Amino acid sequence: STKYFVTVSSIYGCVAIDSVYITVNQSPGVDAGLNPSTCKGQPVNLYAASSTSNYFWSASPDLSCTNCLNPVVTTTITKKYYFNGIDTSPNHCDVIDSVTVNIYPPPPANAGTDSTIICYKKSTTLIGQGGKTYSWSPASDLSCPSCSITTASPSSQTTYVLTVTDQYDCLGSDSVTVFIEVPPTADFSMQYYKICQGKEVTFTNTSSGADSYYWNFGDFATAARSVP
(Lines give C-alpha, C1' and ligand atoms only; values in the text may rest on other atoms or scores of the structure.)
Protein backbone atom coordinates (compact mmCIF):
# COMPACT_ATOMS: atom_id res chain seq x y z
CA SER A 1 0.00 0.00 0.00
CA THR A 2 1.26 3.49 -0.84
CA LYS A 3 0.30 7.11 -0.19
CA TYR A 4 0.71 9.49 -3.12
CA PHE A 5 1.02 13.30 -2.85
CA VAL A 6 0.34 16.02 -5.37
CA THR A 7 1.64 19.59 -4.92
CA VAL A 8 0.34 22.56 -6.92
CA SER A 9 1.36 26.21 -6.90
CA SER A 10 0.05 29.41 -8.42
CA ILE A 11 1.95 32.18 -10.21
CA TYR A 12 1.92 34.08 -6.94
CA GLY A 13 3.70 31.33 -5.03
CA CYS A 14 0.68 29.94 -3.25
CA VAL A 15 1.05 26.20 -2.60
CA ALA A 16 -1.51 23.46 -1.96
CA ILE A 17 -0.92 19.79 -1.21
CA ASP A 18 -3.29 16.84 -1.45
CA SER A 19 -2.80 13.10 -1.11
CA VAL A 20 -4.43 9.78 -1.81
CA TYR A 21 -3.76 6.49 -0.08
CA ILE A 22 -4.03 3.36 -2.25
CA THR A 23 -4.49 0.14 -0.38
CA VAL A 24 -3.31 -2.99 -2.17
CA ASN A 25 -5.12 -6.05 -0.89
CA GLN A 26 -3.30 -9.34 -0.79
CA SER A 27 -4.19 -11.50 -3.78
CA PRO A 28 -5.08 -15.12 -3.10
CA GLY A 29 -2.37 -17.66 -3.69
CA VAL A 30 -3.26 -20.06 -6.50
CA ASP A 31 -1.14 -22.67 -8.26
CA ALA A 32 -2.44 -24.80 -11.13
CA GLY A 33 0.35 -27.33 -10.54
CA LEU A 34 3.00 -28.88 -12.74
CA ASN A 35 2.49 -29.52 -16.45
CA PRO A 36 1.71 -33.26 -16.77
CA SER A 37 2.20 -35.48 -19.81
CA THR A 38 0.08 -38.44 -20.85
CA CYS A 39 -0.80 -40.63 -23.81
CA LYS A 40 -3.47 -39.60 -26.29
CA GLY A 41 -6.91 -40.23 -24.79
CA GLN A 42 -5.52 -41.42 -21.44
CA PRO A 43 -6.82 -39.60 -18.30
CA VAL A 44 -4.44 -37.63 -16.10
CA ASN A 45 -4.96 -35.81 -12.77
CA LEU A 46 -4.31 -32.11 -12.20
CA TYR A 47 -3.06 -31.01 -8.77
CA ALA A 48 -3.91 -27.39 -7.99
CA ALA A 49 -3.54 -25.46 -4.71
CA SER A 50 -5.34 -22.35 -3.46
CA SER A 51 -5.22 -20.15 -0.36
CA THR A 52 -8.89 -19.23 -0.88
CA SER A 53 -11.90 -21.48 -0.78
CA ASN A 54 -13.40 -19.69 -3.76
CA TYR A 55 -11.71 -21.33 -6.73
CA PHE A 56 -12.66 -22.96 -10.01
CA TRP A 57 -11.31 -24.21 -13.31
CA SER A 58 -12.43 -22.47 -16.49
CA ALA A 59 -15.19 -24.55 -18.05
CA SER A 60 -14.00 -27.39 -20.30
CA PRO A 61 -15.65 -30.67 -21.32
CA ASP A 62 -12.28 -32.37 -20.76
CA LEU A 63 -12.44 -31.86 -16.97
CA SER A 64 -14.22 -34.23 -14.61
CA CYS A 65 -15.08 -31.26 -12.35
CA THR A 66 -14.48 -27.50 -12.33
CA ASN A 67 -14.93 -26.59 -8.64
CA CYS A 68 -12.34 -29.06 -7.36
CA LEU A 69 -8.58 -28.93 -6.87
CA ASN A 70 -7.78 -32.25 -8.55
CA PRO A 71 -9.89 -32.82 -11.65
CA VAL A 72 -9.26 -35.65 -14.09
CA VAL A 73 -8.46 -34.51 -17.63
CA THR A 74 -9.06 -36.58 -20.76
CA THR A 75 -7.87 -34.99 -23.98
CA THR A 76 -6.44 -36.05 -27.33
CA ILE A 77 -4.41 -32.89 -27.96
CA THR A 78 -1.91 -30.80 -25.99
CA LYS A 79 -4.03 -28.20 -24.22
CA LYS A 80 -3.86 -25.42 -21.58
CA TYR A 81 -6.30 -25.24 -18.62
CA TYR A 82 -6.91 -22.20 -16.41
CA PHE A 83 -7.32 -22.25 -12.62
CA ASN A 84 -9.00 -19.23 -10.99
CA GLY A 85 -8.90 -18.10 -7.35
CA ILE A 86 -11.04 -15.23 -5.99
CA ASP A 87 -10.53 -13.55 -2.60
CA THR A 88 -13.53 -14.01 -0.32
CA SER A 89 -13.12 -10.49 1.10
CA PRO A 90 -15.26 -7.60 -0.25
CA ASN A 91 -12.36 -6.66 -2.54
CA HIS A 92 -12.76 -9.86 -4.61
CA CYS A 93 -9.19 -9.91 -5.86
CA ASP A 94 -8.71 -12.71 -8.34
CA VAL A 95 -5.68 -14.59 -9.70
CA ILE A 96 -5.46 -16.95 -12.65
CA ASP A 97 -2.84 -19.62 -13.18
CA SER A 98 -2.60 -22.18 -15.96
CA VAL A 99 -1.31 -25.69 -16.58
CA THR A 100 -0.57 -27.38 -19.89
CA VAL A 101 -1.35 -31.06 -20.44
CA ASN A 102 1.11 -32.44 -22.96
CA ILE A 103 -0.04 -35.35 -25.14
CA TYR A 104 2.36 -37.97 -26.43
CA PRO A 105 1.42 -39.18 -29.93
CA PRO A 106 0.65 -42.91 -30.26
CA PRO A 107 3.50 -45.07 -31.55
CA PRO A 108 3.38 -45.74 -35.32
CA ALA A 109 2.29 -49.38 -35.24
CA ASN A 110 2.73 -51.18 -38.56
CA ALA A 111 1.52 -54.74 -39.13
CA GLY A 112 2.82 -54.78 -42.70
CA THR A 113 0.65 -55.07 -45.80
CA ASP A 114 -3.09 -54.76 -45.11
CA SER A 115 -3.83 -58.25 -46.45
CA THR A 116 -2.14 -61.39 -47.73
CA ILE A 117 -3.31 -64.68 -49.28
CA ILE A 118 -2.06 -68.17 -48.42
CA CYS A 119 -3.04 -71.65 -49.45
CA TYR A 120 -5.07 -73.84 -47.13
CA LYS A 121 -2.93 -75.39 -44.35
CA LYS A 122 -0.01 -73.12 -45.22
CA SER A 123 1.56 -70.37 -43.13
CA THR A 124 2.77 -66.80 -43.58
CA THR A 125 5.15 -64.51 -41.72
CA LEU A 126 3.76 -61.40 -40.05
CA ILE A 127 6.22 -58.56 -39.44
CA GLY A 128 5.37 -55.82 -36.94
CA GLN A 129 7.18 -52.52 -36.51
CA GLY A 130 6.94 -49.24 -34.60
CA GLY A 131 6.99 -50.18 -30.93
CA LYS A 132 8.99 -51.24 -27.90
CA THR A 133 6.70 -54.18 -27.06
CA TYR A 134 4.41 -56.15 -29.36
CA SER A 135 1.20 -58.12 -28.94
CA TRP A 136 -0.68 -59.93 -31.73
CA SER A 137 -4.32 -60.99 -31.42
CA PRO A 138 -5.88 -63.52 -31.81
CA ALA A 139 -2.92 -65.53 -30.59
CA SER A 140 -4.17 -69.09 -31.16
CA ASP A 141 -2.61 -69.65 -34.61
CA LEU A 142 0.61 -67.67 -34.03
CA SER A 143 4.08 -69.01 -33.27
CA CYS A 144 4.93 -66.06 -30.99
CA PRO A 145 2.11 -63.60 -30.14
CA SER A 146 4.49 -61.29 -28.22
CA CYS A 147 7.20 -61.08 -30.91
CA SER A 148 7.55 -58.41 -33.56
CA ILE A 149 7.91 -61.17 -36.17
CA THR A 150 5.64 -64.21 -35.94
CA THR A 151 4.32 -67.04 -38.10
CA ALA A 152 0.57 -67.30 -38.68
CA SER A 153 -1.11 -70.59 -39.64
CA PRO A 154 -4.84 -69.86 -39.70
CA SER A 155 -7.39 -72.40 -40.97
CA SER A 156 -9.81 -69.68 -42.06
CA GLN A 157 -9.75 -65.99 -42.94
CA THR A 158 -8.38 -64.11 -39.93
CA THR A 159 -7.65 -60.48 -39.13
CA TYR A 160 -4.70 -60.09 -36.78
CA VAL A 161 -4.46 -56.92 -34.70
CA LEU A 162 -1.00 -55.71 -33.66
CA THR A 163 -0.80 -53.57 -30.52
CA VAL A 164 2.51 -51.90 -29.67
CA THR A 165 3.74 -49.73 -26.80
CA ASP A 166 6.48 -47.10 -26.77
CA GLN A 167 8.80 -45.72 -24.07
CA TYR A 168 5.86 -43.81 -22.51
CA ASP A 169 3.64 -46.94 -22.51
CA CYS A 170 1.39 -45.29 -25.10
CA LEU A 171 -0.53 -47.69 -27.33
CA GLY A 172 -0.67 -47.90 -31.11
CA SER A 173 -2.38 -50.53 -33.27
CA ASP A 174 -2.59 -51.79 -36.83
CA SER A 175 -4.05 -54.88 -38.48
CA VAL A 176 -3.49 -57.36 -41.30
CA THR A 177 -5.99 -59.82 -42.79
CA VAL A 178 -4.88 -63.28 -43.93
CA PHE A 179 -7.13 -64.76 -46.61
CA ILE A 180 -7.23 -68.52 -47.27
CA GLU A 181 -7.15 -69.79 -50.84
CA VAL A 182 -9.34 -72.93 -51.07
CA PRO A 183 -7.37 -75.77 -52.73
CA PRO A 184 -8.66 -77.01 -56.10
CA THR A 185 -10.30 -80.40 -56.44
CA ALA A 186 -8.85 -82.79 -59.02
CA ASP A 187 -11.37 -85.20 -60.52
CA PHE A 188 -12.22 -86.72 -63.90
CA SER A 189 -14.20 -89.51 -65.49
CA MET A 190 -13.68 -91.50 -68.67
CA GLN A 191 -15.91 -93.21 -71.20
CA TYR A 192 -14.42 -96.71 -71.10
CA TYR A 193 -12.46 -98.63 -68.54
CA LYS A 194 -11.56 -101.50 -70.91
CA ILE A 195 -10.83 -100.86 -74.59
CA CYS A 196 -9.04 -102.52 -77.45
CA GLN A 197 -5.49 -101.53 -78.15
CA GLY A 198 -5.28 -98.42 -80.32
CA LYS A 199 -8.74 -97.20 -79.51
CA GLU A 200 -9.34 -93.69 -78.08
CA VAL A 201 -10.61 -92.97 -74.60
CA THR A 202 -12.57 -89.80 -73.84
CA PHE A 203 -11.75 -88.12 -70.52
CA THR A 204 -14.18 -85.70 -68.87
CA ASN A 205 -12.59 -83.15 -66.54
CA THR A 206 -14.78 -82.64 -63.46
CA SER A 207 -12.16 -80.77 -61.43
CA SER A 208 -13.07 -77.47 -59.69
CA GLY A 209 -11.18 -74.39 -58.54
CA ALA A 210 -8.20 -74.98 -60.85
CA ASP A 211 -6.37 -72.40 -62.96
CA SER A 212 -4.05 -74.83 -64.77
CA TYR A 213 -3.99 -78.55 -65.58
CA TYR A 214 -1.41 -81.28 -66.07
CA TRP A 215 -2.35 -84.77 -67.26
CA ASN A 216 -0.01 -87.75 -66.97
CA PHE A 217 -1.29 -90.86 -68.78
CA GLY A 218 1.33 -93.27 -67.47
CA ASP A 219 2.83 -93.99 -70.89
CA PHE A 220 5.11 -90.94 -70.99
CA ALA A 221 2.30 -88.97 -72.64
CA THR A 222 1.19 -85.76 -70.93
CA ALA A 223 -1.21 -82.89 -71.60
CA ALA A 224 -1.73 -79.41 -70.19
CA ARG A 225 -5.27 -78.82 -71.46
CA SER A 226 -8.39 -78.85 -69.35
CA VAL A 227 -9.85 -81.66 -71.49
CA PRO A 228 -7.31 -83.95 -73.25
Side-chain angles (χ1 to χ4, degrees), residues 37-44 62 72-78 102-195 199-228:
S37 297
T38 187
C39 302
K40 183 178 180 179
Q42 293 297 312
V44 63
D62 304 336
V72 177
V73 178
T74 305
T75 178
T76 58
I77 60 174
T78 295
N102 298 296
I103 299 299
Y104 297 126
N110 186 353
T113 181
D114 291 340
S115 64
T116 187
I117 301 174
I118 62 173
C119 295
Y120 182 67
K121 291 187 178 180
K122 297 295 183 178
S123 60
T124 185
T125 300
L126 304 181
I127 301 176
Q129 295 177 318
K132 182 182 69 173
T133 65
Y134 297 83
S135 176
W136 295 89
S137 178
S140 57
D141 301 316
L142 299 176
S143 61
C144 182
S146 60
C147 298
S148 60
I149 300 177
T150 186
T151 300
S153 305
S155 57
S156 60
Q157 177 182 322
T158 304
T159 297
Y160 294 96
V161 177
L162 171 66
T163 302
V164 304
T165 64
D166 59 13
Q167 66 268 33
Y168 306 112
D169 289 331
C170 296
L171 300 177
S173 64
D174 193 24
S175 65
V176 55
T177 300
V178 178
F179 294 93
I180 306 299
E181 178 71 18
V182 178
T185 300
D187 195 18
F188 71 94
S189 63
M190 59 184 179
Q191 185 178 4
Y192 302 106
Y193 289 90
K194 293 182 179 180
I195 61 170
K199 296 293 183 179
E200 290 186 350
V201 175
T202 301
F203 293 93
T204 301
N205 186 359
T206 57
S207 302
S208 62
D211 296 318
S212 62
Y213 302 88
Y214 177 79
W215 295 82
N216 186 337
F217 300 106
D219 59 354
F220 302 105
T222 62
R225 301 188 302 272
S226 61
V227 180

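In this text, all values refer to a predicted model and were calculated from it rather than measured experimentally.
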| Side-chain (Thr150) to main-chain (Cys144) donor-acceptor, under 3.5 angstrom |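 A pair under 3.5 Å: yes.
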| Leu162 backbone acceptor or donor facing Asp174 side chain under 3.5 Å |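 The answer is no, because no donor-acceptor pair under 3.5 Å joins these two groups.
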| Neighbour count above 12 (heavy atom, 6.0 Å) for Asp187 CG |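 Yes, because the 6.0 Å sphere around CG of Asp187 holds more than 12 heavy atoms from other groups.
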| said: Does Lys122 have more than 12 heavy atoms from other residues, nucleotides or ligands lying within 6.0 Å of its NZ? | reply: no
| request: For the pair Thr125 and Ile149, evaluate side-chain contact (heavy atoms from CB on, under 4.5 Å) and give the outcome as yes or no after the intermediate values. | output: CA-CA 7 Å; Thr125 300; Ile149 300 177; 3.7 Å; yes
Looking at every non-hydrogen atom in both residues, tell me the closest pair between [X] and [Y] and how far apart they are.
X: Thr158; Y: Pro138; result: CG2-CG, 3.9 Å
X: Ser173; Y: Val161; result: CB-CG1, 4.5 Å
X: Pro107; Y: Gly130; result: CB-O, 3.5 Å
X: Gln129; Y: Val164; result: O-CG1, 4.4 Å
X: Lys40; Y: Ile103; result: CA-CG2, 3.5 Å
X: Ser37; Y: Tyr104; result: CB-OH, 3.3 Å

Are [X] and [Y] packed together at the side-chain level, in the sense that at least one heavy-atom pair is separated by less than 4.5 angstrom?
X: Ile180; Y: Pro154; result: yes
X: Asp62; Y: Thr74; result: no
X: Cys119; Y: Pro183; result: no

| message | Quiz question: by atom type and distance under 3.5 Å, do the side chains of Thr151 and Ser123 form a donor-acceptor pair? | response | no
For the atom pair [atom1] ([X]) and [atom2] ([Y]), what is the distance rounded to the nearest 0.5 Å?
X: Ile118; Y: Ser153; atom1: CD1; atom2: OG; answer: 7.0 Å
X: Asn102; Y: Thr78; atom1: CG; atom2: OG1; answer: 5.0 Å
X: Leu126; Y: Trp136; atom1: CG; atom2: CH2; answer: 4.5 Å
X: Ile117; Y: Thr177; atom1: CD1; atom2: OG1; answer: 11.0 Å
X: Tyr168; Y: Cys39; atom1: OH; atom2: SG; answer: 9.5 Å

| message | Please evaluate residues Thr133 and Thr165 with respect to the criterion side chain to side chain donor-acceptor pair (under 3.5 Å), reporting the C-alpha separation (whole Å), side-chain torsions for both, the decisive distance (0.1 Å), and the verdict. | response | CA-CA 5 Å; Thr133 65; Thr165 64; 2.3 Å; yes
